[in-house]
Peer 1: 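Please see the structure below; I have some questions.
All values reported here derive from a predicted model rather than from experimental measurement.
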Amino acid sequence: MRVAAAVVVAAAAVTAAAPLATAAPSGPATVRPAAVADSGTPELTPAEAAELERLVAEIKREFAKPTNGKPDVSAFGGKGEVGKKVVELIKKAGPKFYRAAVDAAKGGTKSFNKWVDDLKWYHPVRVAISAGGGELVDWLVGQLMGG
């Protein structure tokens, strides 16, 4: 439930900022870098918010399926594909962010969970990882330790 609320809040923040962007004075168009809500938390465009919402739904669907123990990556199937999308989301946040994720993963599951918990509650990476729970965290730690 918190994950869905985070997606809605992120989408609402982007939608609320849209009228402000259209109120700019006329003149030559300027290119601005992507806005950042705080240090490292990107503001999402409506398309990005929709994509995050689809990813969260896919994560929930895949990780709701029961498994026996901790499967290896080769047996991870659809969950591995979803996990790869989360890794891509981490990489998309930038090289420093990715490096911090890898360093946290090398410290083990507890360290990685602390790193995720230190992200803002509405950060897209935290929203995606929270949707998958412990099984996704274990898979990500294994993948990021090798990367």
Side-chain angles (χ1 to χ4, degrees), residues 1-22 30-147:
M1 195 67 164
R2 287 182 3 193
V3 173
V7 171
V8 170
V9 169
V14 170
T15 306
L20 299 175
T22 60
T30 58
V31 177
R32 294 186 181 115
V36 176
D38 59 49
S39 60
T41 304
E43 289 186 15
L44 301 176
T45 65
E48 291 170 329
E51 178 60 30
L52 178 61
E53 194 170 334
R54 282 190 295 278
L55 177 60
V56 167
E58 186 178 355
I59 290 169
K60 285 181 176 181
R61 189 173 47 253
E62 285 298 326
F63 284 88
K65 297 175 184 176
T67 59
N68 299 329
K70 294 181 184 175
D72 64 343
V73 177
S74 62
F76 218 48
K79 293 179 183 180
E81 292 304 313
V82 171
K84 290 175 186 176
K85 291 179 183 178
V86 176
V87 171
E88 288 303 314
L89 187 63
I90 293 170
K91 287 180 178 179
K92 186 178 175 183
K96 281 182 156 180
F97 190 83
Y98 179 73
R99 186 79 234 148
V102 169
D103 290 343
K106 287 183 178 178
T109 301
K110 185 175 181 179
S111 173
F112 188 76
N113 280 332
K114 182 183 180 330
W115 176 79
V116 172
D117 289 343
D118 287 345
L119 298 173
K120 298 287 186 185
W121 65 269
Y122 52 84
H123 194 288
V125 171
R126 182 174 178 170
V127 170
I129 292 172
S130 296
E135 192 175 5
L136 177 59
V137 169
D138 289 341
W139 187 88
L140 288 170
V141 167
Q143 291 299 299
L144 293 172
M145 283 176 61

Peer 1: Calculate, to the nearest 0.5 Å, the distance between atoms NZ and CD belonging to Lys84 and Gln143 respectively.
Peer 2: 8.0 Å
Peer 1: Kindly compute the distance separating OG (Ser130) from CG (Asp117), expressed to the nearest 0.5 Å.
Peer 2: 7.5 Å
Peer 1: Which heavy-atom pair separates Leu136 from Ala128 by the least distance, and what is that distance?
Peer 2: CD2-O, 3.8 Å
Peer 1: Are the side chains of Trp139 and Val86 in touch, meaning some heavy atoms are under 4.5 Å apart?
Peer 2: no
Peer 1: Run Glu88 and Lys85 through salt bridge (Lys or Arg N to Asp or Glu O under 4.0 Å) and show every step you take.
Peer 2: CA-CA 5 Å; Glu88 288 303 314; Lys85 291 179 183 178; over 6 Å; no
Peer 1: Nearest 0.5 Å please: distance from the CD1 atom of Ile129 over to the CZ atom of Phe112.
Peer 2: 4.0 Å
Peer 1: What's the separation between atom CD in Glu135 and atom CD1 in Ile59, rounded to the nearest 0.5 Å?
Peer 2: 12.0 Å
Peer 1: For Lys114, what residues pass the side-chain hydrogen bond (donor to acceptor under 3.5 Å, both in side chains) criterion, not counting sequence neighbours?
Peer 2: Asp118
Peer 1: Which heavy atom of Arg126 sits nearest a heavy atom of Leu119, and at what distance?
Peer 2: NH1-O, 2.8 Å
Peer 1: Got a second to check how far Leu89's CG is from Leu52's CG, nearest 0.5 Å?
Peer 2: 6.5 Å
Peer 1: Can you see which heavy atom on Ser111 is nearest to which on Ala104, and at what distance?
Peer 2: OG-O, 3.0 Å
Peer 1: When rounded to the nearest 0.5 angstrom, what distance separates CD in Glu48 from CG in Leu55?
Peer 2: 12.5 Å
Peer 1: Could you tell me which residues satisfy side chain to side chain contact (heavy atoms under 4.5 Å, CB included) with Ala100, sequence neighbours excluded, listed by chain and number?
Peer 2: Trp115
